[in-house]
Structure formats: structure tokens, C-alpha cells
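So the structure is just underneath, and the comments pick up after that.
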Protein chains: 2
Amino acid sequence: MSDSTKTAIVTGLEQTFVRQGFAKPGVDELRAAAGVSLRTLYKYYPSRDAMILGALEHRHGRYVERLLDGLPADPKEALDAVLERVAGWMREEAGHGCLFHGAVAAMPESDALRELLERHKGEIARRMAAAVGLSGNEAELTLILEGLTQSWALNGEDALRAAKRLAGCLVACEPKS
Amino acid sequence: MSDSTKTAIVTGLEQTFVRQGFAKPGVDELRAAAGVSLRTLYKYYPSRDAMILGALEHRHGRYVERLLDGLPADPKEALDAVLERVAGWMREEAGHGCLFHGAVAAMPESDALRELLERHKGEIARRMAAAVGLSGNEAELTLILEGLTQSWALNGEDALRAAKRLAGCLVACEPKS
DNA sequence: GTTCAAGTAGAACGAACGTTTTACCAAGGA
DNA sequence: TCCTTGGTAAAACGTTCGTTCTACTTGAAC
């Protein structure tokens, strides 16, 4: 059980699910993407469902790191930076929207997936609200983030402009404390 | 080929896909939900993919009607009404987020699904922006709508409050024309 | 030098799947 | 009366799927 093998496998799995979704790719295609033998693949992830979970866990780590590490200390700059980073993620990694929502949408009856979705979104909302100094407006922030992620597929860079504009409005409208 | 049979079938299909997603349910389960024989089901929808497309077309019609028919003439009231109607839809019909995004997420390589998604979202954005008097802010409106739909699964009624608040901010911030 | 963990290649298996087909039934119009 | 239309029930077909298993290779540690 080597760590580098596991990373290689899970990277291949993640890429495949991003490109093809969760319905289509069969285990043999996942195996090819992982670059290992079927036996090894099943040793690290003993079922197709485990492969899905593993890929999502891996993506969660990458996403949180990319979005939240080393944000500017100033709350306004941090807010702007987060939106830019989300747009960058969409450009480079997620043409088709949030993979976690996609997984739950594909298999809405899986409790494990729903739990993972809640952990993922919850952690991001909490940490981001703190970083941008809008802890009382978690729902508004989450809405802007989800809206940006989801409408990116429809409007591209316009979605980023709209998100910045709405975030600006939110800060401007906020009752002074 | 009777119309009432077709409606009964497509209603059953839509419900099943809403509840179970697009990956899991097999044709025999869809048949049971449609309440017809396998032969009849295949006469109306000659493949599983056609069943998916048919269910989404049907849902599109229902959604557009519910969201946009008979809106108040006053733009501000109309905006509020649309958000309320979206929340009502989420409460009653779509616990798991937008079915169109879900379909594309499950099978991102299907051109037919992507076209349908664009038609669906495009029509709603255009007609709604006109109805609420914010035709220059389609991207912002779309973002709020997508954000509400998507964050409903996470925050429930708080998502509606956040959407109303952001919509209010948008109207207040808008440069007077 | 042997052992052992970690890997490859790919055959095999039973179940499930999407689809087609056969056989039959009920009602209405010419 | 017969034939068409729209439907049911369910067997059958060929494929594909997720999973397991057998047989073999390699590299490093003791």
C-alpha cells in the first residue's frame, strides 16, 4: 500500500469522473485512467462506490486548499480573491459544475454521498465566511458561490462579473455594526 | 398513440428520475412507474435515453408555466414572486437541485442534454429578466436563481431569505437609467 | 538467497441491463 | 364479421457490468 500509488490512482479516478460523470465510466475504464491493474485498483478501492467516494475526498482536499490557503488578510480583498479563485477553478478544473452536487444528483439515494456533500459545503462556507468577514451572512455567501459555480456553465466570465457585483452590493447594503 | 397515455408515462418517468437520479433506475423500474407494459413504453420512447429527454422536456414545460405564468405587472412584485415560486418549486418538487443540471452532470458527454440545458436556462433567463424589469442584468439574475436552487439543498428557507436580500441589493445598487 | 510485499495481465463468473420479440386481449368502425 | 388500433404480460437475447481469481514478475530487506 504505497502512498504514491494511491495518489496516482485517485487522481486518475477524479479526472475520469470529471470528464465523464458518474453514470457512464465502467470499472475497466477507471482502471485504465488510474494506470494500474484491476487487482491493484480493487485493493485500494474495493468497490466502484468506494472509487467515487475516494475521488470526491481527494477533490475536496484540492478544492479547499486552492480556495482558502493564503488569502489576503483584508476582508474585502479576501472576498474578491475567493471569487477569482472559484472562477479559476471553473476555468481549469470544472467545466460542468460542482462535482459534489453532480454526484448527489446522479445518485440521490446514497447517504454517504449526501453526508460528504454536507461536509464539503459546510466546511467551505464556515471557513470562507470567517475569512471574508461576513460570518453573519453565510447563506448569502453560499448562494453567491453556488450561483457562480452553477451559472459559470451558462454565462462563463459574465458569471464572475455578476458574482463580484452582487458581493459588492452585499457589502454595501450590510447594516453597519 | 393516445395523448393521455403519453402524459401518464412521462409523468411517471419524471418522478422516478427526480427521486432516483439518472444512473440507477433501470428500464423495468421506469416501466413500473409509468404504469404501462414494456412494449408500450418503448413505443412512446424508443430508448432509455429518449425517456430521459422526454422526462426533461415535460419538466421544462411544467417549470416554465409555474414560474412565469401570470406574474404581477409591477417589476418589483414580479421579482419577489419569482423567488417565492422558485422556493415553492424546491419545497414541493425538487429536494435535490435542478434536474437539468443533474442530468448533464450525470452524462456530461451527451450533446442532446447540453442543448436542452441551454434551451431551458436560456428561455427562463430571457423571459424572467423581461418580466422583472432587469433586462440588463441577466447574468446577475441567473446567478441568484441558480444560487437559490442550488443552496436550497444546503440551507433551505435561509436560501430564500438570502436570495431576496441579494435581489433587493441588486435593485438598490442598480445605476439609475 | 530467500522471502515477502506490491505490482501486472487477463480469464472467468454470475447478475443485471437495454432491447426485441412472441402471444394474446379488448373495443370500435367499415 | 373482420380488421385495425392500442394495449398487456413476460420470455428471450446478446451484451456489458462489477467483482473475483489464477498465474506470473519485480525489487528490496534481512
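Predicted model, so just to flag it, every value in this text is computed and none were measured. By convention in this document, chain letters (A, B, ...) are assigned in the order of the sequence lines, proteins followed by strands, and residues within each chain are numbered from 1.
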In whole angstroms, the gap separating P of D:dT16 from CZ of A:Arg48 amounts to 16 Å
Inset, instruction - May I ask you to say whether A:Asp3 pairs ionically with A:Lys6, meaning some side-chain N is under 4.0 Å from a carboxylate O? - result: no
**Request:** Could you tell me whether A:Glu93 and A:Arg62 have a side-chain N and a carboxylate O separated by less than 4.0 Å?
**Result:** yes
Please check if atom CG in A:Asp69 has more than 12 non-hydrogen atoms from other residues, nucleotides or ligands closer than 6.0 Å.
yes
Rounded to whole Å, the CG-C1' distance (B:Asp28 to C:dG18) equals 11 Å
In plain terms, say whether A:Glu109 and A:Arg114 are close enough for a salt bridge, that is, a side-chain N and a carboxylate O under 4.0 Å apart.
no
Check ion pair B:Arg119-B:Glu123 (N to O, under 4.0 angstrom) = no
To the nearest angstrom, the OH-P distance between A:Tyr42 and C:dA11 comes to 17 Å
note: B:Leu13, atom CG; C:dG18, atom C1'; distance rounded to Å ~ 15 Å
_Less than 4.0 angstrom from a charged side-chain N to a carboxylate O is my criterion; do B:Arg19 and B:Glu29 meet it?_
no
Nucleotide by nucleotide, nucleotides 4-14 of chain D touches protein heavy atoms under 4.0 Å in the pattern (B base, S sugar-phosphate only, - none) --SSBB-----
Here the distance between atom P of C:dT19 and atom CG of B:Leu30, to the nearest Å, is 11 Å
Whole-Å distance, A:Tyr45 OH to C:dG7 P, equals 12 Å
Heavy-atom nearest nucleotide on DNA chain D taken for A:Pro46 and for A:Lys24; more 5' hit belongs to A:Lys24
Whole-Å distance, B:Glu29 CD to C:dT19 P, equals 16 Å
Rounded to whole Å, CG of B:Asp49 lies from P of C:dC17 at a distance of 16 Å
